[in-house]
Number of protein chains: 2
Amino acid sequence: MLSFERQQQILDILKEHKCVHVDFLCKKLFASGATIRRDLSEMHEKGLITRVRGGAALIEGTNQDAPLLVRSNENRAKKEYIAQLALRYVHDSATIFMDSSSTVTFLADKLEGFRDLSIVTNGIATMNSLNEYTTAKVFSSGGLIRNNSSFVGQIAMDSIYNFRADMFFFSCCGLSIEGGCTEADEDNAAIKKQMWKNAKKRILLCDSTKVNHDFFCKVCDIQDMDVILMDQPQDQSSIEDLIGTGIIVNK
Amino acid sequence: MLSFERQQQILDILKEHKCVHVDFLCKKLFASGATIRRDLSEMHEKGLITRVRGGAALIEGTNQDAPLLVRSNENRAKKEYIAQLALRYVHDSATIFMDSSSTVTFLADKLEGFRDLSIVTNGIATMNSLNEYTTAKVFSSGGLIRNNSSFVGQIAMDSIYNFRADMFFFSCCGLSIEGGCTEADEDNAAIKKQMWKNAKKRILLCDSTKVNHDFFCKVCDIQDMDVILMDQPQDQSSIEDLIGTGIIVNK
DNA sequence: TTATTATTGATTAAATTTGATTGATTTATT
DNA sequence: AATAAATCAATCAAATTTAATCAATAATAA
């Protein structure tokens, strides 16, 4: 048996039982104690397992590529719901811009079923999700890392400039009739503007907590969006005003 | 049978089983062990497969467990040691290119103590490390995600093109007097070339297992590097040849 | 046709992996 | 604390795998 193969099997066995004795592995894999021990210490070197006297244990934390997956748990349910709505606009072979917002990350988690997607994003969590769960061609905008969660700056702007996409999914910090769609951070706003410019269909994912708040940097006006998806039907005047402009809300 | 045909079949077989023995391939393809081995080493140099003693393993995606075992091709200690050597060349306020190799990731883990670094990398693990443990300004090249570990393609090339750095830390798949510094993957080689071009001091981190192997894509010649760091003093003629060129090895 | 080049399989020496043995170290039991 | 049992790391010989060499064959060009 190849040592590669054997170590693979040790990992598999460890996934079932969370820890095993050397003897057990010997019998299971028809190898001597010396061989198993050598395997275990190699695997320990590589950081794949934890070595304990008499055997080995699965390493805690399990996932090696988790570091930058920061995700806000606030309003998880709302964001989940909105992301589900957004799925209606995705189709196979679509080319897509996605911003770095946490709401859009929820959408990224739901794209597993589509084929032949090409996606450009400046979000790190979104990038990781797409890369892990989908077969999409994932382009990271690159750039300066901001807040552990997104890429911004000239590098990011330039790379986005070179793409044209069918649709742009994004979120914002604030949304109001007069102020439009606003962001707190200038650099992130610039990124969204660039994506907006190079996309055909602009789809905003906006949970209700953001309505009627204005932030420092404007991304675009209400009329500049093709679809606005929200978690609850908007009340009174504001929703009517929106519908008046021909923007689809939760439809 | 043509060698191309046979190698194609080896790939097909590998897609079913994720690793195979040389013996198995011999019987299946009616070829001698020598022939199969020649095929496997060719394919390895092109980066199509991972060679393991007794057989071969699939390298590309599909199975996420396989690359894990293959990735940091063991020798954690060697890489750790080389990274430590590399520290001597880093100084506060330096501007640095770092490639996506695992050896360079070890260096990234050691940069915590420096102030005011600006670092450009196309490596995902390196990016994560830097971002988590250092106060450096970290620029990701962005681009298409390759093998879950690096950014490649035009986007990455363009963003690197726009930086000039004091130093470039990189590794390679193979290093030899005649072949120079070589890589298995064309896209990654292109990235390294671009970083090489835009950096003043070029510092190779190369563990001894890579010496006297040539891979498919050339990055640069031996003479094109300013420093080569290895885990052990190189033996026989090779080291003398290197020193003859004025390149510093392990010094 | 002949000469040249490439590919293949056999042979062999070197390198690597393996399993058994040993003594040292750690853990459990009395 | 002392003893027994279990586990470990180191060592070595046997088995396996590899890389290098060379002759034979096949393919190609002159």
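A, B, ... follow the sequence lines: proteins, then strands. Residue 1 opens every chain.
Residue Arg53(A) places a side-chain atom within donor-acceptor reach of the base of dT7(D), judged by atom type and a 3.5 Å distance cut-off alone. In terms of polar N and O atoms assigned as donor or acceptor, the side chain of Arg38(B) comes within less than 3.5 Å of the base of dG9(C) in a complementary pairing.
Ser129(B) and Asp109(B) form a side-chain donor-acceptor contact under 3.5 Å, judged by distance and modelled atom types alone. In this structure, a donor-acceptor pair under 3.5 Å is present between the side chains of Ser101(B) and Asp99(B). In this model, no donor atom of one side chain and acceptor atom of the other lie less than 3.5 Å apart for Ser171(B) and Lys79(B). Thr105(A) and Thr126(A) form a side-chain donor-acceptor contact under 3.5 Å, judged by distance and modelled atom types alone.
If you take CD of Glu42(A) and P of dT16(C), they are 13 Å apart, rounded to a whole angstrom. dT17(C) atom P lies 18 Å from atom CG of Leu29(A), rounded to whole Å. Atom CZ of Arg37(B) is separated from atom C1' of dT21(D) by 15 Å (rounded to the nearest Å). Atom CZ of Phe30(A) and atom C1' of dA15(D) are 20 Å apart (whole Å). Across the protein-nucleic acid pair, His21(A) atom NE2 and dA6(D) atom C1' stand 11 Å apart, rounded to whole Å. Following rounding to the nearest Å, Asp23(A) (CG) and dA6(D) (P) show an atom-to-atom distance of 10 Å. Atom CG of Asp39(A) is separated from atom P of dT18(C) by 7 Å (rounded to the nearest Å). Summarising the geometry, the separation between CD on Glu45(B) and C1' on dA19(D) is reported as 13 Å, rounded to the nearest angstrom.
In summary, the aromatic rings of Phe163(B) and Phe139(B) are positioned with their centroids under 6.0 Å apart.
Note on Ser3(A): every side-chain N or O is 4.0 Å or more away from OP1 and OP2 of dT17(C). Listed pair Arg51(B) / dT18(D) meets the phosphate criterion, a side-chain N or O lying under 4.0 Å from OP1 or OP2.
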Item to complete: Start with the C-alpha gap between Asn212(B) and Ser176(B), add the side-chain angles, then the distance that decides, and say whether side chain to side chain donor-acceptor pair (under 3.5 Å) holds.
Response: CA-CA 5 Å; Asn212(B) 289 330; Ser176(B) 73; 5.6 Å; no

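Listed for the Trp196(B) side chain is no donor-acceptor partner under 3.5 Å among the backbone atoms of Phe168(B).
Fit an axis to the five pairs at each end of the helix from dT1(C)-dA30(D) to dT30(C)-dA1(D) and the two axes sit 30° apart, to the nearest 10 degrees.
Of the candidates dT18(C), dT8(C), dG19(C), dT8(C) carries the atom nearest the Arg6(B) side chain, counting heavy atoms from C-beta on.
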